[in-house]
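Indexing begins at 1, ligand by ligand and atom by atom, following the structure's order.
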Amino acid sequence: MVEKAKSKGKELEEKLLFKSKNLSERGTEFFRKSNDFCEGYKKFLCNKTEREIVDYTTSLLEKTGYKKFVPGTKYKAGTKVYFNNRGKNLIMVTIGKKDISEGVRIGASHIDSPRLDFKPVPFFEDTELAYFKTHYYGGIKKYQWSAIPLSLHGVITLKGDKLLKVVIGEDPNDPSFCVTDLLPHLAKDQMKKNASEVITGEQLNILIGSWQFKDDEVSQKVKLNIADIIFQKYGIVEEDFLSAELCAVPAFTPKDVGFDRSMIGAYGQDDSVCAYANIMAEIDIKDPTYTTITVLADKEETGSDGPTGLSSMFLIDFIEELASAYGVELRRVLSKSMCISSDVNSAYDPAFGENYEKMNCSYLNHGPSISKYGGAGGKYSTNDASAEMMYFIREIMDENDITWQVGELGKVDGGGGGTVAMYISSHNVDTVDFGVPVLSMHSPYEVTAKADIYMLYLAMKAFYLCPRGKQ
Ligand code: MN
Ligand code: MN
């Protein structure tokens with residue numbers, strides 16, 4: 001077929017104007033690769049808490065040649081090591097060919113997601129039904145958490161300092177749990193309420209039983225019956241809930257979405273989607289020029305506080321430990337380092353189009369989204385990446401044929417949100433946000449596009465392997 005010559009205007013348009021591309025243009029072979037990549041991702045998504053993700057990822061690392069980090073060791077280029085912080089953070093490293101004084105490449109994502117945490121005294125009976133009381137964790141629309149199947153996850157430290165890991169409600173043979181809602185027939189007043197009050201925090205109680213213990217001497221018969229069941233089965237007594245980290249999460253199994261199977265629907269994709277792409281990139285790279293550090297953070301959804309959140313020093317202390325074996329000062333490493341804060345962005349949703357600014361928001365299937373800044377209002381509480389850092393990333397993406405897009409969260413003053421970027425950049429590390437766009441973010445069933453996930457994996461590999469450093 002003879003190709004039609006391009007018009008002058010068309011030529012100029014391509015040369016001068018910017019337009020992000022839909023990954024569908026790459027055709028079926030690219031789609032197949034994305035699809036294959038996401039089979040592993042769907043397995044990864046079955047791990048629904050930071051501790052489960054750390055355990056699962058550690059087993060992946062040990063299968064692929066990573067060794068436990070030993071402080072004070074001068075590792076040779078190409079060596080792969082990992083460090084586990086309190087069972088909730090994982091730092092994975094591939095030692096680069098260049099001296100660590102030339103800086104490191106950091107990929108940071110978080111592995112905690114919004115959920116219903118148990119209160120320290122959660123167990124009660126009301127009108128012959130038994131419940132666990134919760135305190136929600138992270139930014140949720142509370143009404144979305146009623147009338148859906150929930151599973152229970154977490155750990156309990158039992159007497160004798162024994163850690164019991166709990167997952168109930170994921171196996172098809174397990175029981176399920178739920179928060180109840182009012183029938184529409186009686187909801188005349190409820191439906192007039194503000195959406196944040198339709199289900200209140202104190203109504204987020206998890207239904208756990210209804211059958212009574214047969215003994216007329218006992219007042220709370222359903223509670224006692226459940227207490228008996230969980231003692232028989234797990235050896236837990238009520239006081240043990242005090243030394244526990246338990247939560248309820250949606251019991252959905254990760255699934256393909258759409259007739260074309262181009263998307264994935266699952267709980268916890270913020271930010272497991274970027275975590276998985278970062279982990280796989282870290283595992284797959286060989287002999288990088290610069291040392292790479294892939295970090296999985298906890299507590300991002302509640303502000304990055306505490307020893308396992310990125311406002312703690314655990315990452316910086318680790319880099320110091322790594323650098324000191326070579327006699328290099330921490331500040332030298334940090335000032336020459338670069339970080340991609342890999343967190344999800346909000347994808348344009350036609351049903352809520354008025355909340356987005358169409359030129360500066362992310363679209364499904366247009367590749368991972370670069371956010372120069374996040375925060376809220378007049379760019380408060382954010383890392384605002386420099387022109388130089390933005391160019392550095394842009395150049396790597398172009399050299400490696402990576403399709404990317406630009407993404408502000410939504411309209412100016414429409415709300416806002418943060419990532420771990422500002423906590424890492426506060427240590428004098430050039431940082432930029434770069435992650436997968438998500439529909440229904442923070443809901444029990446978030447949706448992502450497979451092609452974007454695979455493209456983020458390729459982008460992270462390109463960032464880790466780029467031989468150029470900071471001037
Ligand atoms: Mn996030
Ligand atoms: Mn989030």
Could you identify the N, O or S atom of H442 positioned closest to the Mn ion (ligand 2)? NE2
Between D349 (side chain only) and A351 (backbone N and O only), is there a donor and an acceptor less than 3.5 Å apart? yes
Polar contact flag, side-chain donor to acceptor under 3.5 angstrom, T157-S243: no
Have a look at F37 and tell me which of Y276, F31, F44 forms a ring pair (Phe, Tyr, Trp, His ring centres under 6.0 Å) with it. Y276
Suppose we only allow N, O or S atoms; which atom of D270 ends up nearest to the Mn ion (ligand 1)? OD1
Looking at the Mn ion (ligand 1), which N/O/S atom of D343 is the nearest one? OD1
Can you see whether H110 engages E50 through a side-chain donor-acceptor pair at a distance of less than 3.5 angstrom? no
Heteroatom test (N, O or S) for E301 near the Mn ion (ligand 2), limit 2.8 Å: yes
So, R51 and E245, do they make that salt bridge, N to O below 4.0 Å? yes
Taking N, O or S atoms only and a limit of 2.8 Å, check whether H110 reaches the Mn ion (ligand 1). yes
